[in-house]
Amino acid sequence: MSERLQGGRLAARAIAAEGVDVVFTLSGGHVMPIYEGCRHEGVRLIDLRHEQSAAHAAEAWGRVRRSCGVALVTAGPGVTGTVTAVAACLTAQTPLVVVGGARPLAQAEWGALQEFDQLALMKPITKWAAVCPSTERIPEYLAIAFRHALAPPRGPVYLELPADLLFEDATPGVPAPARAAPRAFGDPRELMKAADLLTSAERPAVVAGSGIWWDGAARQLAAFAENGRLPVFLNGSGRGSLPPDHELFFQHSRSAALREADVVCVVGTPLDFRLRYGRFGEGKLIHVHGDSRELGRNRAPDAAIVGDCAAVLGILADGVKPPPAGRDAWLERLGEAEGAWWAEHRSQIDSDASPIHHYRLGRELDRVLDPGTVVIGDGGDVVAAVSRVLRVHRPGHWLDPGPFGCLGVGPGYTIGVGAARFGSQIVCVLGDGAFGLNGLDFDTLVRFSIPAVLVVGNDAAWGEVRIPQIGIYGEEGELATTLAASRYDRLCEVFGGHGEHVERPEEIAPALERALASGRPAIVNVMLDPDAMAGHAYRGF
């Protein structure tokens, strides 16, 4: 007699077959059979305090694994709770599989508990969304979901598994065929054009983004830069793709480089607000991206290459010729601009003032953290400031909210990275506003013994909005942007863990060292100057 398994067991087996060893969830009756299936199939369950945070955790697990995480949520508000995280993944082209429970198919339109047209909600914010029609097809539909999520351009998908399908028994079907993972090498004509442009350039600049991490292209990027003597700027998950002491890595001269360059090569990142929509200078543009829809958005490139970053950069590394006379002068010019930035901000970076300057916090983090630390940024001004000072030493070791600007990702990302067992240690730098969105998931860190440190930059405000708000409307216009100077470290008295409170700059390093050495989840509450970032441009427009 053929083996028959409950639908939930079939789902768990199909998830495990994709190499997923942990699923992120929040308890729900509609998906209970999948929990039981996970128990039998050896898939860990990590239950969080909000579905949004569960989806953030699954996203982060997939990001550091260069794979695809799974968020498992119940019907109705369980599914709707993931919407913000799913939209963030769509914007960032990050793979994610959301499995949603639903009322039984047999009860359609009866007004069952949590009945809602979930598919109509999820279709506009996913690459693919579907309802599985039968128990026997659950493994097939899960394989389809992963295929869509991981195929370029990567992104989130939604699969709905109605409750009656999960409780029914069925004979396991034939395993889904293995997926091909071809790499696109780009149009040879465009590659030759790009190589010629870079070889003849006097003032080239390279901007490399998250595609470098996803395509595993750090080695090829280094060879490309070194062969052509090309200055490189990194953003998003691309940070750490060149070590911070590499002679061709630059960080603080990007505006000058883009403005003055005669050729700009943008690899693995879109021409969105982070690159001024491509309106950064008069030089020629080379754009390399895995999604053809990004080529020509906001600005027509002079060489447009659709392809895998590792494949394309490997070819270009062989195609770029020794630089013409004058390249060294260009690199020196950028080095001077780097030095000018550090000189301008040195007093803030070294400031002994209390409340603490955001740049000083970044300096102390840079001094204390070892190179294998995964750093997660979740906030506005505090993350922007820390990222300018804190060095990222390895690929994949920096995570931030991405182009959607979604605050509240920090606790979920921290849990996801911890569950993936990636990096030597995990430090999440949050604003106090961002912490308030999903901060109760510190409880999840404690329950699952994930020894991460949450550093709360506490300026008692939504600083990134408050400062320009006052600048535009005056002190009387300061509305909806102030918070209490709360002792977030005292949550450790409620949930457990290690708490530290910091008011002076010289206290930061010892507090961080104690928190890291504790081997427990920790909160370090650092009181920041609410007016320290005055004069920095608002990045929301």
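Hydrogens, waters and symmetry mates play no part in the numbers below; they use all other heavy atoms, side chains included. The structure displayed is predicted, hence computed values, not measured ones. For this chain, numbers begin at 1 and follow the sequence in order.
- Two residues are said to be in side-chain contact when any heavy atoms from C-beta on lie closer than 4.5 Å; Val266 and Leu285 meet this criterion.
- Considering all non-hydrogen atoms of both residues, Gly19 and Trp61 come closest at O-CH2, 3.9 Å.
- A donor-acceptor pair is defined here as one N or O able to donate and one able to accept, closer than 3.5 Å; no such pair exists between the side chain of Thr269 and the backbone of Gly209.
- Put simply, OG on Ser210 and CG on Asp215 are 10.5 Å apart, with the number rounded to the nearest 0.5 Å.
- Proximity of Asp378 to Tyr413: side-chain heavy atoms (C-beta onward) are nowhere separated by under 4.5 Å.
- The two residues Ala55 and Ala85 have their closest heavy-atom pair at CB-CB, 3.5 Å.
- Using a 4.5 Å cut-off on side-chain heavy atoms (C-beta onward), His287 and Arg299 make no contact.
- Judged by distance alone, with hydrogens and angles left aside, the side-chain atoms of Arg327 form a donor-acceptor pair with the main-chain N or O of Gly228 at under 3.5 Å.
- With rounding to the nearest 0.5 angstrom, the CD1 atom of Ile15 is 12.0 Å from the CG atom of Asp21.
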field: Worked check of side-chain contact (heavy atoms from CB on, under 4.5 Å) between Phe442 and Ile523
entry: CA-CA 9 Å; Phe442 186 75; Ile523 297 175; 3.5 Å; yes

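- By the 6.0 Å contact criterion, CZ on Arg44 is enclosed, its count of non-hydrogen atoms from other residues, nucleotides or ligands being greater than 12.
- Side-chain atoms of Arg274 do not come within 3.5 Å of backbone N or O of Gly236 as any donor-acceptor pair.
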- request: Take Val392 and Val375, measure what side-chain contact (heavy atoms from CB on, under 4.5 Å) needs, and give me the verdict at the end.
  value: CA-CA 8 Å; Val392 181; Val375 180; 5.8 Å; no

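- At most 12 non-hydrogen atoms from other residues, nucleotides or ligands lie less than 6.0 angstrom from CZ of Arg421.
- A 4.5 Å side-chain heavy-atom check between Leu230 and Leu248 finds every atom pair outside the cut-off.
- A side-chain hydrogen bond (donor to acceptor under 3.5 Å, both in side chains) check over residues 191-204, counting only residues at least two apart or in different chains, returns the pairs Glu190-Lys193.
- Smallest separation of non-hydrogen atoms from Leu334 and Ala257: CD2-CB, 3.7 Å.
- How far CG of Asp370 is from CG of Leu516: 8.5 Å, rounded to the nearest 0.5 Å.
- In this structure the side chain of Phe280 reaches within 4.5 angstrom of the side chain of Leu271, judged on heavy atoms.
- Residues satisfying the salt bridge (Lys or Arg N to Asp or Glu O under 4.0 Å) test with Asp328, not counting sequence neighbours, are Arg229.
- Under the 3.5 Å distance criterion, with hydrogens and angles disregarded, no donor-acceptor pair is assigned to the side chains of Ser354 and Glu503.
- Proximity of Leu316 to Leu191: side-chain heavy atoms (C-beta onward) are separated by under 4.5 Å at one or more points.
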task: Take Ile212 and Leu313, measure what side-chain contact (heavy atoms from CB on, under 4.5 Å) needs, and give me the verdict at the end.
output: CA-CA 10 Å; Ile212 301 296; Leu313 290 177; 3.7 Å; yes

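- In this structure, His397 has its ring center under 6.0 Å from that of Phe422.
- Residue pairs meeting the side-chain hydrogen bond (donor to acceptor under 3.5 Å, both in side chains) criterion with at least one member in residues 444-459, sequence neighbours excluded, are Asp47-Arg447, Asp441-Thr444, Asp443-Arg447, Thr444-Arg447, Asn458-Asn525.
- Ala201 and Val263 get closest at one heavy-atom pair: CB-CG2, 3.7 Å.
- The aromatic rings of His345 and Tyr359 lie perpendicular to each other, with more than 60° between the two planes, well past the 30° mark.
- Distance check, rounded to the nearest 0.5 Å: CZ of Arg367 to CD1 of Ile508 gives 9.5 Å.
- The minimum heavy-atom distance between Ala149 and Cys68, with the atom names listed, is CB-SG, 3.8 Å.
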Enumerate donor-acceptor pairs with a distance under 3.5 Å from any side-chain N or O in residues 399-412 to protein atoms, sequence neighbours excluded.
| unit_1 | atom_1 | unit_2 | atom_2 | d |
| --- | --- | --- | --- | --- |
| Asp400 | OD1 | Gly402 | N | 3.0 |
| Asp400 | OD2 | Trp398 | NE1 | 2.9 |

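- Expressed to the nearest 0.5 Å, how far NZ of Lys321 lies from CG of Asn227 amounts to 10.5 Å.
- Counted within 6.0 Å of NZ on Lys127, heavy atoms from surrounding residues, nucleotides or ligands total more than 12; the atom is thus considered enclosed.
- Shortest non-hydrogen contact noted between Leu295 and Val306 is CD1-CG2, 3.3 Å.
- Annotation: side chain of His498 is not in contact with side chain of Cys492 (no heavy-atom distance under 4.5 Å).
- With hydrogens and angles ignored, the 3.5 Å screen pairs a side-chain donor or acceptor of Arg520 with a backbone N or O of Gly497.
- Of the charged side-chain nitrogens involved, none lies within less than 4.0 Å of a carboxylate oxygen, so that Asp272 and Arg297 do not count as a salt-bridged pair.
- Residues satisfying the salt bridge (Lys or Arg N to Asp or Glu O under 4.0 Å) test with Arg183, not counting sequence neighbours, are Asp308.
- Side-chain atoms of Leu445 and Leu454, non-hydrogen and from C-beta on, do get closer than 4.5 Å to each other.
- Applying the side-chain hydrogen bond (donor to acceptor under 3.5 Å, both in side chains) rule to pairs touching residues 232-242 yields Arg63-Ser237, sequence neighbours excluded.
- Atoms CG and CD, from Leu331 and Glu338 in turn, are 11.0 Å apart once rounded to the nearest 0.5 Å.
- Classified by interplanar angle (parallel below 30°, tilted 30° to 60°, perpendicular above 60°), the ring pair Trp342/His252 is perpendicular.
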message: Please determine whether side-chain contact (heavy atoms from CB on, under 4.5 Å) holds for the pair Asp381 and Leu528, giving the CA-CA distance in whole Å, both sets of side-chain angles, and the decisive distance to 0.1 Å.
response: CA-CA 11 Å; Asp381 277 344; Leu528 299 179; over 6 Å; no

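- In this structure, the side chain of Trp330 engages the main chain of Pro204 through a donor-acceptor pair within 3.5 Å.
- If you run side chain to side chain donor-acceptor pair (under 3.5 Å) between Asp350 and each of Arg360, His357, Arg363, only Arg363 comes through.
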